[in-house]
Every structure is written in structure tokens, then in C-alpha cells.
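Each remark here refers to the structure printed beneath this line.
As a basis for the values below, the full set of heavy atoms in this structure was taken, side chains included, without hydrogen atoms, waters or symmetry mates. Lettering follows sequence order; numbering is per chain, from 1.
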Amino acid sequence: MRIATWNVNSLRSRIDRVEALLERHDLDVLLLQETKAREDQLPLMGLQSLGYDVAAAGFDQWNGVAIISRVGLADVSVGFDGMPGWGDSMTAEARAVGATCGDIRVWSLYVPNGRKPDDPHYVYKLDWLDRLHDAATAWLGTPTVLGGDWNLAPTDDDVFDITRFAHSTHVTPAERAAYRRFLDAGWTDLVEPHVKGADGFTYWDYYRQRFERNRGMRIDLVLGSPAVADRVTGARVDREERGGSDGHGNGASDHAPVIVDLAD
DNA sequence: ATGGTAGTTCCACTA
């Protein structure tokens with residue numbers, strides 16, 4: 001079984017790339033973030049003709065999430081028990097969608113960005129992560145994947161230059177501690193063992209030619225419960241999708257897809 | 001501290 005996660009930065013503007021990605025990598029499940037589309041705007045016909053079902057959430061804001069699967073899409077749930085509200089409930093629900101695909105429960109997550117360490121959104125981000133952690137404790141005993149844009153870099157090796165993040169989110173001790181709670185509880189980073197340091201970057205700012213200089217960050221993470229971690233046979237980042245054959249990434253998302261292979 | 005680019009609900013906001 002092959003699972004990927006990708007912050008697509010608008011599903012409508014990149015539907016052709018999504019369909020090509022599914023076919024190029026023979027994906028069974030694709031987790032998407034920043035879909036930026038209402039339910040009635042989702043371009044589904046091409047996906048369905050390729051044999052995929054789609055579950056989506058977050059239709060009325062920037063950070064919608066979706067699951068695309070050709071191995072079943074059952075028991076879809078939007079959000080998790082205890083997920084904190086931010087504004088109205090529709091907004092809060094936009095950040096997590098879960099479904100059972102084959103024999104695995106998958107979650108597509110868009111962790112709040114946090115904006116600035118002194119912004120209320122930063123407090124919301126930490127609270128959101130804590131509540132996800134608490135809800136996820138109940139899922140540890142079943143085959144479960146927590147994949148998506150976590151909007152945090154777990155270690156200094158996961159950013160191109162830590163001195164450039166002195167007053168930034170994504171690298172603060174509190175965010176990293178919130179993430180480490182998952183590891184301490186028994187979740188496993190399915191990708192890091194296979195792609196080290198700067199080779200594991202998944203996000204590069206569009207400007208200042210960050211991709212061309214590999215000045216990126218590893219913030220798109222895939223965690224697995226023990227039953228899933230035992231099945232990983234490989235993992236990689238699809239930089240071709242981010243950079244393109246011309247090396248400039250024309251028409252690309254600012255994130256690259258992350259792919260994980262699991263033994264059947 | 002600012003600004004750069006790309007996306008959207010498109011001259012304002014989010015990432």
C-alpha cells in the first residue's frame with residue numbers, strides 16, 4: 001500500500017498535477033491540504049474516472065483538507081473529539097478529515113500555522129496539537145496514519161538555517177514539545193529514517209529562489225501507530241513535483257509530496 | 001523588521 005501526503009496549495013489550480021501524481025506513483029491513498037475549494041468546486045470527475053473516491057472538509061476557508069483513495073473510503077469523520085473551535089465550527093472542522101482506507105485509518109491534517117509566536121493563532125496551534133494528541137491516544141492500538149502539514153520542524157536539522165528562525169513559529173520549543181508528545185506516546189515518524197536532513201525538506205518559500213538553493217523546511221510529516229510503523233518499506237519526497245524538470249517549479253505548489261510505502 | 005511569491009473570497013488577506 002502506497003500513501004502520500006501533499007499540501008497542494010489549491011486543488012483547482014493543480015488538479016492536473018494531482019491526477020498525474022496519482023498515476024505516476026501508483027498511489028493508493030493521497031492526503032491533501034490547503035485545497036482552497038468549496039465542496040461544489042471540487043474537481044472530482046477526473047479523479048473518479050481514475051478509480052478514486054474523495055472525502056473533503058473545510059469548504060469555506062483557506063486550509064481545507066481531503067483524502068483521495070482507491071482502496072476504500074469508509075467511516076469518514078470531520079475533525080476529532082475535542083478539537084478546539086476557532087471562530088465558527090465550520091472553520092474549526094476544516095483542519096482534519098479521517099477515513100478508513102483498506103485496513104488503515106488515515107487522517108489528513110492541516111495543523112494551524114500559528115502566524116507569529118505572539119499571535120493568538122500560536123496559542124490556538126499549541127492547543128490544537130495537544131487535543132489532537134489526546135484524541136489520537138485512543139487510535140494508537142489500531143493501524144493509523146497521521147499525515148499532513150504539521151507546520152512545525154521537529155529539529156534544527158529540519159530547517160535550512162536555524163538562525164533565520166529567531167522570532168518565527170514552526171521551530172519554537174513549545175511547538176517541538178507538542179510534537180514530541182506524539183513520539184513519546186508511541187507514534188513513529190515514518191519518513192525521517194529514510195530521508196535525512198536537507199534531503200527531507202518538504203516546503204520551500206516561493207520567493208528568493210528558495211527551492212533552487214534547497215533552503216527549505218521539513219514540515220510535512222507522516223506519523224504511524226506501531227502496527228503501521230512495522231510495515232514501512234520505504235519513504236521519499238517527490239522533489240520533481242516541486243521543482244519541475246526545468247528546476248524552477250513553474251505551476252508547482254510550494255510543498256512537495258511525501259510518499260510512504262507499506263507492506264501488505 | 002521587512003519583503004519576497006502565489007493562491008483566493010482578488011486592491012486585502014492568508015500562507
Side-chain angles (χ1 to χ4, degrees), chain A residues 5-19 21 31-43 56-66 84-97 108-126 128-129 147-153 158-172 175 179 201-221 237 239-244 246-258:
Chain A
T5 184
W6 188 22
N7 181 321
V8 69
N9 188 14
S10 171
L11 180 53
R12 280 176 295 161
S13 70
R14 259 173 281 284
I15 183 60
D16 291 347
R17 283 174 175 263
V18 168
E19 293 175 0
L21 186 82
L31 314 177
L32 293 176
Q33 301 85 38
E34 290 202 52
T35 49
K36 297 185 177 178
R38 295 193 311 267
E39 188 168 22
D40 60 287
Q41 295 175 318
L42 290 176
F59 309 121
D60 286 333
Q61 60 129 339
W62 305 98
N63 307 319
V65 289
W86 180 267
D88 59 23
S89 59
M90 179 73 84
T91 301
E93 289 175 347
R95 301 179 174 280
V97 60
S108 180
L109 306 170
Y110 186 78
V111 176
N113 175 283
R115 299 190 182 182
K116 300 285 183 185
D118 60 356
D119 191 292
H121 287 82
Y122 176 79
V123 178
Y124 176 66
K125 178 181 193 173
L126 297 177
W128 197 96
L129 283 166
D149 183 350
W150 287 69
N151 267 315
L152 62 87
D158 298 311
V159 299
F160 66 90
D161 180 357
I162 191 61
T163 66
R164 297 302 192 93
F165 292 82
H167 302 99
S168 302
T169 58
H170 294 56
V171 300
T172 65
E175 288 165 280
Y179 173 72
F201 291 165
T202 64
Y203 164 78
W204 303 259
D205 275 336
Y206 279 123
Y207 38 82
R208 292 184 177 175
Q209 298 176 308
R210 286 269 174 87
F211 180 75
E212 289 83 343
R213 299 186 291 156
N214 197 26
R215 294 171 77 77
M217 308 170 70
R218 189 174 78 96
I219 58 176
D220 298 274
L221 311 172
V237 179
R239 286 187 185 230
E240 277 298 305
E241 174 54 46
R242 174 61 177 85
D246 61 359
H248 291 77
N250 292 330
S253 169
D254 44 357
H255 295 249
V258 179

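Distance A:F211 CZ to B:dA15 C1': 19 Å, rounded to the nearest Å. Counting to the nearest Å, the P atom of B:dT5 and the CZ atom of A:R213 are 13 Å from each other. Rounding to whole angstrom units, CG of residue A:D254 and C1' of B:dT5 are separated by 9 Å. Following rounding to the nearest Å, A:N7 (CG) and B:dA6 (P) show an atom-to-atom distance of 16 Å. Rounded to whole Å, atom P of B:dG4 lies 17 Å from atom CD of A:E212. Computed from coordinates, the A:H170 NE2 to B:dA15 C1' distance equals 9 Å when rounded to whole Å. Taking atom CD of A:Q209 as the reference point, atom C1' of B:dG3 lies 15 Å away to the nearest angstrom. Rounding to whole angstrom units, CH2 of residue A:W204 and C1' of B:dG4 are separated by 18 Å.
If you check every strand for non-hydrogen atoms under 4.0 Å, A:Q41 touches sugar and phosphate atoms only. Across all strands shown, A:Y110 has heavy atoms under 4.0 Å from sugar-phosphate atoms exclusively, and none from any base.
Counting only heavy atoms from C-beta on, A:S13 has its side chain closest to B:dG7 among B:dG7, B:dG3, B:dT9. Distances were taken from every side-chain heavy atom of A:E34 (C-beta onward) to each of B:dA15, B:dT5, B:dT8; the shortest belongs to B:dA15. Which of B:dG7, B:dA6, B:dG4 sits closest to the side chain of A:Y207 comes down to B:dG4. Listed candidates were B:dG4, B:dT9, B:dG7. Nearest to the side chain of A:R12 is B:dT9. Out of B:dA15, B:dA6, B:dG3, the shortest distance to the side chain of A:R208 is found at B:dG3.
Between A:D40 and A:R38 a salt bridge is recorded (basic side-chain N to carboxylate O distance below 4.0 Å).
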Under the criterion side-chain contact (heavy atoms from CB on, under 4.5 Å), I'd like the reasoning laid out for A:Q33 against A:H255: C-alpha separation, chi angles, the key distance, then a yes or no. CA-CA 10 Å; A:Q33 301 85 38; A:H255 295 249; over 6 Å; no
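One side chain, A:N9 or A:K36, offers a donor N or O that lies under 3.5 Å from an acceptor on the other.
If you find the closest nucleotide of DNA chain B to A:L11 and to A:H121, the one lying nearer the 5' end belongs to A:L11. Summary of the strand contacts: A:S10 and A:H167 both lie near DNA chain B, and taking for each the nucleotide with the nearest heavy atom, the more 5' one is attributed to A:H167.
Put simply, A:R115 has a side-chain N or O that comes within less than 4.0 Å of OP1 or OP2 on B:dA15. For B:dG4, the OP1/OP2 oxygens have no side-chain nitrogen or oxygen of A:R210 closer than 4.0 Å. The side chain of A:N63 places an N or O atom within less than 4.0 Å of a non-bridging phosphate oxygen (OP1 or OP2) of B:dA15.
Atom C1' of B:dT8 sits at a distance of 8 Å from the matching atom of B:dT14, rounded to the whole Å. Rounded to whole Å, the separation between the C1' atoms of B:dT2 and B:dT9 comes to 27 Å. Of the C1' atoms belonging to B:dA15 and B:dC10, the separation is 16 Å, rounded to the nearest Å. To the nearest whole angstrom, the two P atoms, one in B:dC11 and one in B:dA1, are 30 Å apart.
Rounded to the nearest 0.5 Å, atoms OH (A:Y124) and CG (A:L129) are 10.5 Å apart. In this structure, CD in A:E19 is found 11.0 Å from CG in A:L21, a value given to the nearest 0.5 Å.
For the pair A:T202 and A:V258, the tightest heavy-atom approach, listed with the atom from each and the gap, is CG2-CG2, 3.5 Å.
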